[in-house]
Amino acid sequence: MDIKRNIRAICSSLPESVKLVAVSKFHPVESIKEAYEAGQRIFGESRVQELTAKQPVLPEDIEWHFIGTLQTNKVRYIAPFISMIQSVDSIRLLQEINRRAGECNRIIHVLIEVHIAEEDSKHGFSPDECKSLFTQKTLRQFPGVRVCGLMGMATFTDDADRIRREFGILRNLFKEIKSMPDTDKDIFTELSMGMSDDYNTAIEEGSTMIRIGTGIFGTREY
Ligand SMILES: *Cc1c(COP(=O)(O)O)cnc(C)c1O
């Protein structure tokens with residue numbers, strides 16, 4: 001894999017409004033350094049243990065995004081340095097992030113993960129549950145958490161129409177929440193959707209943040 005070339009190719013094709021998260025899970029520190037040398041600064045990881053091993057040995061100006069299932073008992077390990085937790089899928093997790101943010105004197109940026117795929121395996125709030133987080137002002141209880149937008153994953157399928165439809169559901173939800181009177185439009189700005197196989201569709205459907213692993217680093221060895 002020519003990591004630098006992949007990064008440059010993807011970045012040069014992106015609209016200016018779209019950020020690239022390089023998903024480095026299961027890839028070694030050396031691969032992350034290569035991507036960093038090509039100018040990449042935002043990296044996504046999905047396991048706490050792996051992230052806390054990598055973070056101290058890599059440059060400090062990397063913005064780490066957590067994108068995997070996060071157990072509440074592990075939030076404290078990443079709270080001191082994480083730039084964004086994209087995979088918030090429960091109120092309990094919001095509570096814990098809020099608590100740990102307070103301890104670190106930080107405000108932690110998060111995205112609410114929404115379940116848009118037809119598969120049961122994907123995590124996240126249903127669109128209705130997500131909406132009620134905002135309408136019921138639940139989020140006000142968590143001053144240490146800044147909700148910057150939504151994240152979602154489409155069904156793993158070859159059916160391009162279905163993928164587009166699912167991204168459309170997320171975009172409409174994002175717009176609806178953004179237009180609510182209590183939503184701060186300067187903060188609620190990110191719509192994280194699109195991975196290696198579907199990011200072009202995601203961008204057409206309004207993504208502001210794509211998360212690409214395989215397309216940069218090659219296949220993962222689990
Ligand atoms: C692994 C992962 C990605 C990257 O997937 P690729 O298909 O390798 O680009 C993106 N988002 C999430 C939430 C992931 O877990």
Side-chain angles (χ1 to χ4, degrees), residues 1-70 77-88 106-111 113 146 148-154 156 160 163-164 167 170-171 174 187 189-222:
M1 261 341 236
D2 190 336
I3 293 171
K4 288 188 176 135
R5 198 186 56 193
N6 294 342
I7 295 269
R8 291 192 188 111
I10 294 167
C11 287
S12 67
S13 76
L14 292 184
E16 240 177 87
S17 55
V18 180
K19 296 188 197 85
L20 172 63
V21 179
V23 177
S24 49
K25 62 186 186 193
F26 294 92
H27 291 286
V29 162
E30 292 69 42
S31 299
I32 300 177
K33 281 183 183 158
E34 267 191 72
Y36 182 89
E37 283 162 16
Q40 181 63 27
R41 290 295 177 272
I42 309 177
F43 290 87
E45 289 280 341
S46 63
R47 297 184 305 174
V48 169
Q49 217 179 354
E50 184 178 346
L51 173 54
T52 54
K54 286 171 171 175
Q55 186 267 340
V57 299
L58 283 158
E60 272 190 34
D61 62 342
I62 287 182
E63 291 177 37
W64 294 103
H65 285 211
F66 197 84
I67 62 168
T69 308
L70 181 56
Y77 299 112
I78 61 172
F81 67 87
I82 200 76
S83 285
M84 183 174 272
I85 299 173
Q86 295 207 4
S87 42
V88 172
R106 299 187 69 208
I107 292 176
I108 296 182
H109 293 192
V110 308
L111 303 180
E113 182 170 355
R146 180 168 295 166
C148 302
L150 305 179
M151 185 272 259
M153 262 186 279
F156 184 71
I163 292 172
R164 188 177 293 280
F167 286 149
L170 192 58
R171 179 206 49 225
F174 176 73
I187 288 176
T189 53
E190 301 295 348
L191 181 54
S192 174
M193 57 185 197
M195 306 173 28
S196 294
D197 291 335
D198 56 21
Y199 73 91
N200 284 315
T201 307
I203 291 169
E204 286 165 14
E205 294 300 319
S207 174
T208 66
M209 208 179 250
I210 56 171
R211 312 176 307 269
I212 300 194
T214 313
I216 294 171
F217 298 107
T219 53
R220 290 177 284 274
E221 282 177 42
Y222 294 103

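One is the number of the first residue; the rest follow in order along the sequence.
Expressed to the nearest 0.5 Å, how far OG of Ser13 lies from CD1 of Ile203 amounts to 6.5 Å. Between the CZ atom in Arg106 and the OG atom in Ser83 there is a gap of 6.5 Å [rounded to 0.5 Å]. One distance of note links NE2 of His109 with CD1 of Ile187; it measures 7.5 Å at 0.5 Å rounding. Atom CZ of Arg8 sits about 11.5 Å away from atom CD of Gln40, to the nearest 0.5 Å. Put simply, CG on Asp2 and CD on Glu34 are 7.5 Å apart, with the number rounded to the nearest 0.5 Å. Once rounded to the nearest 0.5 Å, the distance linking OG of Ser207 with CG of Asn200 reads 10.5 Å.
Trp64 pairs with exactly one of Val21, Ile85, Ile82, Ile42 by the side-chain contact (heavy atoms from CB on, under 4.5 Å) rule, that one being Ile82.
Among residue pairs with one or both ends in residues 49-58, those qualifying as salt bridge (charged side-chain N to carboxylate O under 4.0 Å, His left out) are Glu45-Lys54, Arg47-Glu50, Glu50-Lys54; sequence neighbours excluded.
At least one donor-acceptor pair under 3.5 Å links the side chain of Arg211 to the backbone N or O of Ser192. Side-chain N or O atoms of Ser196 include none that pairs as donor or acceptor with a backbone N or O of Ile212 at under 3.5 Å.
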- Might you work through the side chain to side chain contact (heavy atoms under 4.5 Å, CB included) test for Arg164 and Glu204, ending with a clear yes or no? CA-CA 9 Å; Arg164 188 177 293 280; Glu204 286 165 14; 2.7 Å; yes
- Leu20 vs Ile210, side chain to side chain contact (heavy atoms under 4.5 Å, CB included): CA-CA, chis, key distance, verdict: CA-CA 5 Å; Leu20 172 63; Ile210 56 171; 4.0 Å; yes
- Task: Please assess Met151 against Met209 for the test side chain to side chain contact (heavy atoms under 4.5 Å, CB included), listing each intermediate value before the final yes or no.
- Result: CA-CA 9 Å; Met151 185 272 259; Met209 208 179 250; over 6 Å; no
- Asp61 and Tyr36: side chain to side chain contact (heavy atoms under 4.5 Å, CB included), yes or no, with the steps? CA-CA 10 Å; Asp61 62 342; Tyr36 182 89; 2.6 Å; yes
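Contact between Ile107 and Arg146 at its shortest, heavy atoms only, is CG2-CB, 3.8 Å. The two residues Ala35 and Ile7 have their closest heavy-atom pair at CB-CD1, 3.9 Å. The nearest pair of heavy atoms linking Ala154 to Ile163 is CB-CG2, 3.9 Å. Scanning all heavy atoms of the two residues, the minimum distance from Cys148 to Met84 falls at CB-CE, 3.9 Å. Closest approach of Thr69 to Phe66, counting heavy atoms only: O-CE2, 3.8 Å. Between Phe217 and Ser31, the shortest heavy-atom contact is CE2-O, 3.6 Å.
The side chain to side chain donor-acceptor pair (under 3.5 Å) test applied to Arg171 returns Glu205, not counting sequence neighbours. Ser46 pairs by the side-chain contact (heavy atoms from CB on, under 4.5 Å) definition with Lys25, Ile67, not counting sequence neighbours. Scanning for side-chain contact (heavy atoms from CB on, under 4.5 Å) contacts around Pro56 gives an empty result, with sequence neighbours left out. Applying the salt bridge (Lys or Arg N to Asp or Glu O under 4.0 Å) test to Arg220 and every residue at least two apart in sequence or in another chain returns nothing. Partners of Thr52 by side-chain contact (heavy atoms from CB on, under 4.5 Å), not counting sequence neighbours, listed by chain and number: Val48, Tyr77, Ile78, Phe81.
No side-chain donor from either of Ser87 and Glu113 sits under 3.5 Å from a side-chain acceptor of the other.
Ring geometry, Phe26 versus Tyr222: the interplanar angle exceeds 60°, so the pair is classed perpendicular (tilted spans 30 to 60°).
Annotation: side chain of Tyr199 is in contact with side chain of Ile10 (closest heavy-atom distance under 4.5 Å). With contacts defined as side-chain heavy-atom distances shorter than 4.5 Å, the pair Leu170/Leu191 qualifies.
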